[in-house]
2 protein chains.
Amino acid sequence: MISGKPIGRLSLYRRLLNSLLQDGEQSICSHDLAARAGVTAAQVRRDIMNIGYSGNPNRGYDVGKLVESIGNFLDAPEGQNVVLVGVGNLGRAILAFFAGRRPKLSIVAAFDNDPEKIGRLIKGCRCYSIKHADKIIQELDISIATLCVPAKVAQEVADILVQAGIKGILNFAPVPLHVPYYLYVEDIDMTMSLEKVAYFARIT
Amino acid sequence: MISGKPIGRLSLYRRLLNSLLQDGEQSICSHDLAARAGVTAAQVRRDIMNIGYSGNPNRGYDVGKLVESIGNFLDAPEGQNVVLVGVGNLGRAILAFFAGRRPKLSIVAAFDNDPEKIGRLIKGCRCYSIKHADKIIQELDISIATLCVPAKVAQEVADILVQAGIKGILNFAPVPLHVPYYLYVEDIDMTMSLEKVAYFARIT
DNA sequence: TAGATTGTTAATCGATTAACAATC
DNA sequence: TAGATTGTTAATCGATTAACAATC
């Protein structure tokens, strides 16, 4: 069992390696990858060791094979479907941002409660009523939700999603969610992040 | 010197306490605040101790005074000005999200390189050419940047901002930035976060 | 007073780092 | 071979937790 931080780094390595591949790079050593990722070489080596890939002493890692190994580790072979909940400003921006970005992780539906939006195609994604969450999540085999609703209704909406069988939530609502232990929640709290930057920009 | 995590938690406590204040709550104990924030009571007590505020044994913390203490610790008395760089989908969503949210931390300008946007008022915020970054940052006394540009140009834009005297960056571009040691960078990498959720949703 | 809660210490835990033998 | 780099261990570091005396 690997914790959240190494998983995040693997995701980052993959992205960096993919752009190296496009530049025609065949191999890379831990030191170079570490510099690009902003971590230490030892960390890179341990992360790669953890997923069971081995490099070549003297020549480092084969970029293509390493990308493949990371994919085998991170991705579900058959892909995973995502639903975005709350099609406001932020929701629409995220729909546009993720559209086609990762083939094995696609946002296949959106939920909202605004009759103006329901039934429409927004940023290429069909919008449904949150009332039909159960049905849509089952039919489209959705396991992940991206929560972009206002803080006040976040818990209530999360409860609906959990009930419908969601397994993980990416939570943009600026409030901690209470969910059963078997669910994974990752919080992106922009207000908190901005206040952190403000604090450290000031005292350093 | 306090590290990033406790600072983030203080920001969260303040938000929770503010909503308690609106509900007319006078005092709160570490246990209750911890439950709302999703942390342990010991952590709450230590965080509060760290900012020099003292509770009352038997009655807990005075909500109003604690909010004030957190504000004294986190906020610059005169406030801090922020610039948003890259007025795309995400940039506009963030402008809308932060508009008026924290009085001591306001986005007072936006930068872009699209002539269509320059000079206009977008989500209530004036958009300038990135070419005038130096001048605007000085004139408006801006110390913080929110970076919402594409990954490919993120480092280049960051260099311009550093040169112009920015002290902290909230980076939404999915690429690590290399900046001088005295700058604080907080990364919000939505792709990484979504992949983390996908991984843990799958294996648990 | 008795009970509840704080402030603070020591112990624990986990992640990170440094170091180096193994290997191509 | 010699040199560079990996795989892996032990040491370090920092944050978290548990525990409890102090206090209203």
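As a basis for the values below, the full set of heavy atoms in this structure was taken, side chains included, without hydrogen atoms, waters or symmetry mates. By convention in this document, chain letters (A, B, ...) are assigned in the order of the sequence lines, proteins followed by strands, and residues within each chain are numbered from 1.
- Smallest separation of non-hydrogen atoms from M190(B) and I94(A): SD-CG1, 4.1 Å.
- Remark: T40(B), Q43(B), R45(B), R46(B) in residues 29-51 of chain B come within less than 4.0 Å of DNA chain D through at least one heavy atom.
- Taking CG of L90(A) as the start and CG of L95(A) as the end, the distance is 9.5 Å to the nearest 0.5 Å.
- The side-chain contact (heavy atoms from CB on, under 4.5 Å) check on R46(A) picks up R9(A), Q43(A), M49(A), with sequence neighbours excluded.
- With hydrogens and angles disregarded, a donor-acceptor distance shorter than 3.5 Å links the side chain of R15(A) to the backbone of P174(B).
- By the side-chain contact (heavy atoms from CB on, under 4.5 Å) test, S106(B) is found to be paired with N81(B), V108(B), residues two or more places apart in sequence or in another chain being considered.
- The two residues A96(A) and K123(A) have their closest heavy-atom pair at CB-CD, 3.8 Å.
- Within residues 52-62 of chain B, the residues having any heavy atom closer than 4.0 Å to DNA chain D are, in order of number, N56(B), P57(B), N58(B).
- Interface limits on DNA chain C: the 5'-most and 3'-most nucleotides within less than 4.0 Å of chain B heavy atoms are dG3(C) to dT8(C).
- For residues 22-71 of chain A, no pair satisfies ring-ring contact (aromatic ring centres under 6.0 Å, His included), with sequence neighbours left out.
- Consecutive pairing runs in DNA chain D reach the stem threshold at C:3-24 with D:3-24, where a stem means at least three Watson-Crick or G-U wobble pairs with distances under 3.5 Å.
- For the contact set between residues 182-198 of chain B and DNA chain C, defined by any heavy atom under 4.0 Å, there are no members.
- For S27(A), there are no side-chain contact (heavy atoms from CB on, under 4.5 Å) partners, not counting sequence neighbours.
- Considering only residues two or more places apart in sequence or on other chains, A109(B) meets the side-chain contact (heavy atoms from CB on, under 4.5 Å) condition with V83(B), Y128(B), I136(B), L140(B), I142(B).
- Here the closest non-hydrogen pair linking A93(A) and A93(B) is CB-CB, 3.8 Å.
- Smallest separation of non-hydrogen atoms from C127(A) and D112(A): SG-CB, 3.9 Å.
- Across all their heavy atoms, K196(B) and Y184(A) have their closest contact at CE-OH, 3.7 Å.
- Partners of F97(B) according to the ring-ring contact (aromatic ring centres under 6.0 Å, His included) rule, which considers only residues two or more places apart in sequence or in another chain, do not exist here.
- Nearest heavy atoms, Q80(A) versus A198(B): NE2-O, 2.9 Å.
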All N/O donor-acceptor pairs, side-chain side in residues 150-166 of chain A, below 3.5 Å, sequence neighbours left out:
unit_1: Q155(A); atom_1: OE1; unit_2: H178(A); atom_2: N; d: 2.8
unit_1: Q155(A); atom_1: NE2; unit_2: D159(A); atom_2: OD1; d: 3.0
unit_1: Q155(A); atom_1: NE2; unit_2: H178(A); atom_2: O; d: 2.9

